[in-house]
Amino acid sequence: VFQKFALLPHRTVVDNVTGLLWQKADGGEMAFESATNYPSSLSLGGFADWRLPTAHELYGIVNLSVANPALSTNVFTASAAEYWWSSDCQAGNVSNIWVSNWGGGIGPHPKGEALSAGGTKRFPTRCVRGVAVTGHRFIKNADGTTTDADTGLIWQQAPLATVTNWEGALRYADGLTLAGRSDWRLPNIKELYSINDESLSRPSVSTNVF
């Protein structure tokens with residue numbers, strides 16, 4: 001059976017899907033300013049080119065089949081973390097940083113929430129190394145859909161105009177016919193987050209293609 005993660009010597013974990021190498025145990029709770037400096041002092045596994053992960057990389061290691069932490073603790077060391085820092089600031093507000101949380105979510109939080117910054121929440125740092133994937137490659141189709149060239153997923157460009165609950169959303173997707181297709185569905189959370197653009201805000205998706 002293919003394993004997404006593999007535990008390597010010297011306290012590192014490789015993601016077999018992305019090729020990224022991760023720090024097995026996080027570096028402990030710290031303020032964001034310390035987190036940005038921490039990777040340059042880290043020497044692990046014979047490498048010194050560690051960095052903070054992007055928000056998309058950070059969410060890529062979240063395991064939604066477990067919670068508190070939503071992390072594969074058979075390869076990553078569990079800790080008392082409540083959030084983990086990414087390298088991405090919220091668009092228009094550099095005081096808010098995109099972080100993943102131990103319940104399996106992700107979003108921007110104020111830097112001041114961290115214990116080491118005078119707050120009450122534990123924000124450790126887990127570093128990564130490898131080529132960062134940045135940007136999005138969307139193709140706006142003329143049939144009301146948008147194709148993500150990275151994932152191959154085809155998205156509805158315009159959302160349902162009326163407000164609905166989750167059950168209504170499921171029914172809507174099941175009955176949708178668009179661009180000659182009738183096999184539409186609601187995305188899972190990782191698919192939904194894949195179209196997020198941290199360089200934008202309200203909405204944090206590109207209105208050029210959606």
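The chain is numbered in sequence order, starting from 1.
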**Student:** Measure the shortest side-chain to side-chain distance between Ile154 and Trp184 over non-hydrogen atoms and say whether it is less than 4.5 angstrom.
**Tutor:**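 Answer yes - side chains close enough.
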**Student:** Indicate the atoms forming the closest heavy-atom contact of Glu198 with Asn196, along with that distance.
**Tutor:**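 So the minimum-distance heavy-atom pair works out to OE2-ND2, 3.0 Å.
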**Student:** If you group Ile, Leu, Val, Met, Phe, Trp and Tyr by side-chain heavy-atom gaps below 4.5 Å, do Leu71 and Leu7 land in one group?
**Tutor:**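 Hydrophobic grouping puts Leu71 with Leu7.
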**Student:** Would you sort out whether Ile97 and Cys89 count as a side-chain contact (heavy atoms from CB on, under 4.5 Å), showing the intermediate values?
**Tutor:** CA-CA 4 Å; Ile97 310 300; Cys89 300; 3.7 Å; yes
**Student:** What orientation do Phe47 and Trp50 show, parallel under 30°, tilted 30 to 60°, or perpendicular over 60°?
**Tutor:**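 Judged by the thresholds at 30° and 60°, the geometry between Phe47 and Trp50 is perpendicular.
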**Student:** CG/Asp150 to CD1/Ile195 distance, rounded to the nearest 0.5 angstrom?
**Tutor:**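 Between Asp150 CG and Ile195 CD1, I get 13.0 Å after rounding to 0.5 Å.
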**Student:** Tell me which donor-acceptor pairs under 3.5 Å the side chains of residues 156-163 have, and how far apart each pair is, sequence neighbours excluded?
**Tutor:**
residue	atom	partner	partner atom	Å
Gln156	NE2	Ala158	O	3.2
Gln156	NE2	Tyr172	OH	2.7
Gln157	NE2	Asn141	O	2.9
Gln157	NE2	Thr145	O	2.6

**Student:** State the CG-CG distance between Asp183 and Asp174, to the nearest 0.5 angstrom.
**Tutor:**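 Result: 11.0 Å between the selected atoms.
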**Student:** What are the two closest heavy atoms between Thr177 and Ser182, and how far apart are they?
**Tutor:**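 Taking every non-hydrogen atom into account, OG1-CB, 4.1 Å.
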**Student:** How close do Tyr193 and Ile106 get, counting heavy atoms only, and between which atoms?
**Tutor:**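 Looking at all heavy atoms of both residues, the closest pair is OH-CD1, 3.6 Å.
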**Student:** Any side-chain heavy-atom pair from Asn96 and Pro110 closer than 4.5 angstrom?
**Tutor:**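 The answer is yes; the side chains approach within 4.5 Å.
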**Student:** Specify the closest pair of heavy atoms between Ala117 and Lys111, including all atoms of both residues, with the distance to one decimal.
**Tutor:**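 Looks like CB-O, 3.6 Å.
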**Student:** Mind telling me whether Phe76 and Phe5 have parallel, tilted or perpendicular rings, with 30° and 60° as the class edges?
**Tutor:**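 Phe5 and Phe76: perpendicular rings.
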**Student:** With distance as the sole test, does Lys190 use its side chain to make a donor-acceptor pair with the main-chain N or O of Gly60 at under 3.5 Å?
**Tutor:**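 Present.
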**Student:** Going through the checks in order, is the side-chain contact (heavy atoms from CB on, under 4.5 Å) test met by Leu44 and Arg11?
**Tutor:** CA-CA 7 Å; Leu44 185 64; Arg11 304 183 302 280; 3.5 Å; yes
**Student:** Shared ILVMFWY cluster between Val99 and Ile189, side chains joined below 4.5 angstrom?
**Tutor:**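 In one cluster: no.
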**Student:** Assigning hydrophobic clusters by single linkage (Ile, Leu, Val, Met, Phe, Trp, Tyr; side-chain heavy-atom cutoff under 4.5 Å), is Trp85 placed with Val128?
**Tutor:**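 No; Val128 is not reachable from Trp85 via cluster members.
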**Student:** Just by modelled atom types, is the Gly104 backbone N or O under 3.5 Å from a matching donor or acceptor in the Tyr59 side chain?
**Tutor:**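 Here the side-chain-to-backbone pair exists.
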**Student:** Side chains of Phe32 and Leu52: does their closest heavy-atom pair fall under 4.5 Å?
**Tutor:**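 Of all side-chain heavy-atom pairs linking Leu52 with Phe32, at least one is under 4.5 Å.
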**Student:** Show your working on side-chain contact (heavy atoms from CB on, under 4.5 Å) between Thr18 and His56 and close with a plain yes or no.
**Tutor:** CA-CA 11 Å; Thr18 65; His56 282 272; over 6 Å; no
**Student:** To the nearest 0.5 Å, how far apart are OG in Ser34 and CZ in Phe123?
**Tutor:**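 Ser34 atom OG to Phe123 atom CZ measures 13.5 Å (nearest 0.5 Å).
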**Student:** Please report the shortest heavy-atom distance between Ala67 and Gly103, naming the atom on each side.
**Tutor:**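 So the minimum-distance heavy-atom pair works out to CB-O, 4.4 Å.
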**Student:** Does any part of the side chain of Pro53, heavy atoms only, come nearer than 4.5 Å to the side chain of Trp22, both counted from C-beta?
**Tutor:**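 Trp22 vs Pro53: side chains touch.
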**Student:** Just verifying a value: how many Å separate Leu153 CG and Leu192 CG, rounded to the nearest 0.5 Å?
**Tutor:**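 The CG atom of Leu192 is 11.0 Å from CG of Leu153, to the nearest 0.5 Å.
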**Student:** Shared ILVMFWY cluster between Leu58 and Leu20, side chains joined below 4.5 angstrom?
**Tutor:**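 Both belong to a single hydrophobic cluster.
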**Student:** Any heavy-atom pair between the side chains of Ser194 and Trp155 that's under 4.5 Å?
**Tutor:**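 The answer is yes, as the side chains (C-beta and beyond) meet within the 4.5 Å cut-off.
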**Student:** Looking at CZ of Phe138 and CZ of Phe210, how far apart are the two atoms once the value is rounded to the nearest 0.5 Å?
**Tutor:**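 Phe138 atom CZ to Phe210 atom CZ measures 4.5 Å (nearest 0.5 Å).
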**Student:** Scan Asn63, Val62, Val66 and name whichever one has a side chain to side chain contact (heavy atoms under 4.5 Å, CB included) with Ser72.
**Tutor:**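 Of the listed options, the one satisfying the test is Asn63.
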**Student:** Measure across Ala179 and Asp143 and return the closest heavy-atom pair with its distance rounded to 0.1 Å.
**Tutor:**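 Heavy atoms only, the tightest pair is CB-OD2, 3.3 Å.
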**Student:** Distance-only, no hydrogens or angles: does the Arg51 side chain make a donor-acceptor pair with backbone N or O of Gly130 under 3.5 Å?
**Tutor:**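 Judged by distance alone, yes, a pair lies under 3.5 Å.
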**Student:** Can you find a pair of side-chain heavy atoms, one from Val75 and one from Lys24, that are under 4.5 Å apart?
**Tutor:**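 A side-chain contact under 4.5 Å is absent here.
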**Student:** Any chance you could measure Leu115, atom CG, to Thr120, atom OG1, to the nearest 0.5 Å?
**Tutor:**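 Reported value, rounded in 0.5 Å steps: 6.5 Å.
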**Student:** Would you say that Glu82 contacts Glu113 through its side chain, given a criterion of any heavy-atom pair below 4.5 Å between the two side chains?
**Tutor:**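 No; the side chains remain at least 4.5 Å from each other.
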**Student:** Do the side-chain N and O atoms of Thr54 and Asp88 include a donor-acceptor pair separated by under 3.5 angstrom?
**Tutor:**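 Looking only at side-chain atoms, Asp88 and Thr54 do not form any donor-acceptor pair under 3.5 Å.
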**Student:** I'd like to check Arg126 versus Val13 (side-chain heavy atoms, cut-off strictly below 4.5 Å). Are they in contact?
**Tutor:**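 Of all side-chain heavy-atom pairs linking Val13 with Arg126, none is under 4.5 Å.
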